[in-house]
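By convention in this document, chain letters (A, B, ...) are assigned in the order of the sequence lines, proteins followed by strands, and residues within each chain are numbered from 1. Quantities reported herein were computed from a predicted structural model and do not represent experimental measurements.
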There are 2 protein chains.
Amino acid sequence: MSTRPDRSKPTREVVLDALETLLLEGGSSAATLEAVAAAAGVSKGGLLYHFGSKEALYQGFLDRLLVESRAEADGTLTAPEGVVAAYLDVSSVATDPSTRSVLAALRLAGVQEVDVEGALVESFEYWYEVIARRIDDPVLARLVQLVGDGLYLHALIGSVQHDEDEQVIARVVALVAEHEAEQG
Amino acid sequence: MSTRPDRSKPTREVVLDALETLLLEGGSSAATLEAVAAAAGVSKGGLLYHFGSKEALYQGFLDRLLVESRAEADGTLTAPEGVVAAYLDVSSVATDPSTRSVLAALRLAGVQEVDVEGALVESFEYWYEVIARRIDDPVLARLVQLVGDGLYLHALIGSVQHDEDEQVIARVVALVAEHEAEQG
DNA sequence: GTCTATAATCGGATAGAC
DNA sequence: GTCTATCCGATTATAGAC
């Protein structure tokens with residue numbers, strides 16, 4: 001990939017997209033400045049004009065992740081299937097744009113240049129608040145999140161979806177519906 | 001750390017312990033041969049006598065991980081608190097030796113030298129089989145695992161334990177007990 | 001805003017002494 | 001079985017032309 005994928009997008013965004021793809025494919029060690037530049041269709045020098053260092057590049061990625069995931073979480077508040085089903089669906093579909101960002105960030109976890117863990121904690125915390133806004137029992141809300149995060153973990157290791165996963169989602173949704181019926 | 005931590009253990013094990021610690025602290029990029037050797041209290045040459053390459057070192061780590069996690073899973077079959085509580089406890093305690101290995105392996109996910117994901121999938125699959133041996137409803141068994149894996153994910157990003165987590169575990173245990181009572 | 005060329009450093013791996 | 005010395009390729013970053 002030596003030609004620039006999309007010229008309508010700003011270069012910054014194209015570079016971050018390239019970084020995301022490389023992180024998903026080969027982890028943090030595959031995401032060298034040269035490789036990212038090549039995948040984005042720019043030169044190393046061109047990349048370094050937009051992000052002055054590897055640290056700045058990583059930070060730019062985390063900043064975008066937070067903006068994206070907050071928007072995604074907010075969006076589910078008005079989702080027809082409800083927040084619960086929406087979160088569990090998002091978590092289990094590794095091709096979802098928002099999920100891709102989170103999985104890429106998880107592959108970045110542990111690097112010294114930036115606080116990846118802090119950004120991820122912030123993102124997950126925001127999701128919890130959104131879920132808890134719809135389920136008044138905090139324990140149940142947390143259970144919903146943990147099931148979703150379990151699905152995230154399995155997406156991270158590329159595990160094939162269990163036959164049971166769909167039924168687990170249905171079961172959790174039912175659990176929430178049951179709770180809501182009790183409350184009135 | 002330039003002195004060898006424990007001379008009673010075989011050097012191979014000391015080296016793998018050092019690798020594990022470095023992976024947890026700084027991700028895969030921090031686990032250079034030089035750094036691992038230093039943390040283990042041997043020279044680079046000394047390390048390379050036991051593991052001929054970085055690939056061999058990583059593979060040795062994954063091999064040990066599988067042996068350890070199978071033993072851990074088998075051990076819970078006879079645990080007094082039951083498999084369910086045992087898995088959820090293990091998943092949430094980041095200092096547990098077995099959990100440390102899994103978290104370190106997760107930080108290694110994405111490297112090209114070895115099939116980290118494959119090893120992790122195998123480990124999680126084994127755990128599922130152990131859990132499913134005690135809970136005859138496969139959907140419920142999978143739900144238990146996903147909650148535990150959600151806890152793993154939060155341990156991976158160093159997220160502080162939610163106040164609700166203990167109650168979530170209790171709730172899941174109750175869910176399983178309820179199911180068993182129905183079956184008889 | 002994007003490029004090429006190059007400097008400086010680091011990481012993996014080999015050879016051979018002890 | 002462990003060490004030191006060394007080579008080579010890869011990676012980050014800078015300088016300066018276009």
Using Watson-Crick pairs (N1 to N3, plus N6-O4 or O6-N4) and G-U wobble pairs, both distances under 3.5 Å, which stems of at least 3 pairs involve DNA chain C?
C:1-18 with D:1-18
I want to verify a distance call: between C:dT2, C:dT14, C:dG12, whose nearest atom is closest to the A:His50 side chain?
C:dT2
Would you mind reading off the distance between A:Glu55 atom CD and D:dT12 atom C1', rounded to a whole angstrom?
13 Å
For the pair made of CD in A:Glu34 and C1' in C:dA5, what is the distance, rounded to whole Å?
13 Å
What nucleotide, of C:dT4, D:dT2, C:dT14, holds the atom closest to the side chain of A:Ser43?
C:dT4
Could you give the side-chain donor-acceptor pairs of residues 81-90 of chain B under 3.5 Å, partners two or more places apart or in another chain?
from: B:Tyr87; atom 1: OH; to: B:Asp149; atom 2: OD1; distance (Å): 2.4

Just compare D:dT11, D:dT14, D:dT2 and give me whichever is closest to any side-chain atom of A:Thr32.
D:dT11
How would you list, by chain and number, every residue that makes a ring pair (Phe, Tyr, Trp, His ring centres under 6.0 Å) with A:Phe51, sequence neighbours excluded?
none
Rounding to a whole Å, what distance do you find between A:Leu48:CG and D:dT11:C1'?
11 Å
Can you name the residues that form a side chain to side chain donor-acceptor pair (under 3.5 Å) with A:Lys54, not counting sequence neighbours?
A:Tyr58
From the set D:dG1, C:dA13, C:dT2, return the single nucleotide nearest to any side-chain atom of A:Tyr49.
C:dT2
Would you check if there is a donor-acceptor pair between the side chains of B:Ser101 and B:Glu68 at a distance under 3.5 Å?
yes
Quick one: A:Lys44 NZ to D:dA15 P, roughly how many Å, whole number?
15 Å
C:dG11 P sits how many Å from B:Leu47 CG, rounded?
14 Å
A:Ser29 or A:Gly52: which one's nearest nucleotide on DNA chain D is closer to the 5' end?
A:Ser29
Rounded to the nearest angstrom, tell me the gap between atom CZ in B:Phe51 and atom C1' in C:dA13.
16 Å
Of the nucleotides D:dT12, C:dC3, D:dT2, which has the atom closest to the A:Lys54 side chain?
D:dT12
Figure out the OH/P separation between B:Tyr58 and C:dA13, and round it to whole Å.
10 Å
To the nearest Å, how far apart are A:Gln112 CD and C:dC10 C1'?
13 Å
Distance-only donor-acceptor pairs under 3.5 Å for side chains of residues 128-144 of chain A, two or more places apart:
from: A:Tyr128; atom 1: OH; to: A:Pro138; atom 2: O; distance (Å): 3.4
from: A:Arg134; atom 1: NH2; to: A:Leu77; atom 2: O; distance (Å): 2.9
from: A:Asp136; atom 1: OD1; to: A:His179; atom 2: NE2; distance (Å): 2.7
from: A:Asp137; atom 1: OD1; to: A:Val139; atom 2: N; distance (Å): 3.0
from: A:Asp137; atom 1: OD2; to: B:Arg171; atom 2: NH1; distance (Å): 3.0
from: A:Arg142; atom 1: NE; to: B:Asp165; atom 2: OD1; distance (Å): 2.6
from: A:Arg142; atom 1: NH1; to: A:Gln145; atom 2: OE1; distance (Å): 3.0
from: A:Arg142; atom 1: NH2; to: B:Asp165; atom 2: OD1; distance (Å): 3.3
from: A:Arg142; atom 1: NH2; to: B:Asp165; atom 2: OD2; distance (Å): 3.2

Using only atom types and a distance under 3.5 Å, with no angle test, would you say the side chain of B:Ser53 pairs donor to acceptor with the backbone of B:Ala56?
yes
Residues 107-117 of chain B, side-chain donor-acceptor partners within the protein, below 3.5 Å, at least two apart:
from: B:Arg107; atom 1: NH1; to: B:Leu24; atom 2: O; distance (Å): 2.6
from: B:Arg107; atom 1: NH2; to: A:Glu117; atom 2: OE2; distance (Å): 2.9
from: B:Arg107; atom 1: NH2; to: B:Leu156; atom 2: O; distance (Å): 3.0
from: B:Gln112; atom 1: NE2; to: A:Gly26; atom 2: O; distance (Å): 3.3
from: B:Gln112; atom 1: NE2; to: A:Ser29; atom 2: OG; distance (Å): 3.4
from: B:Asp115; atom 1: OD1; to: B:Gly118; atom 2: N; distance (Å): 2.9
from: B:Glu117; atom 1: OE2; to: A:Arg107; atom 2: NH2; distance (Å): 2.9
from: B:Glu117; atom 1: OE2; to: B:Gly110; atom 2: N; distance (Å): 2.9

Residue-phosphate contact under 4.0 Å: B:Thr11 side-chain N/O, D:dT2 OP1/OP2:
yes
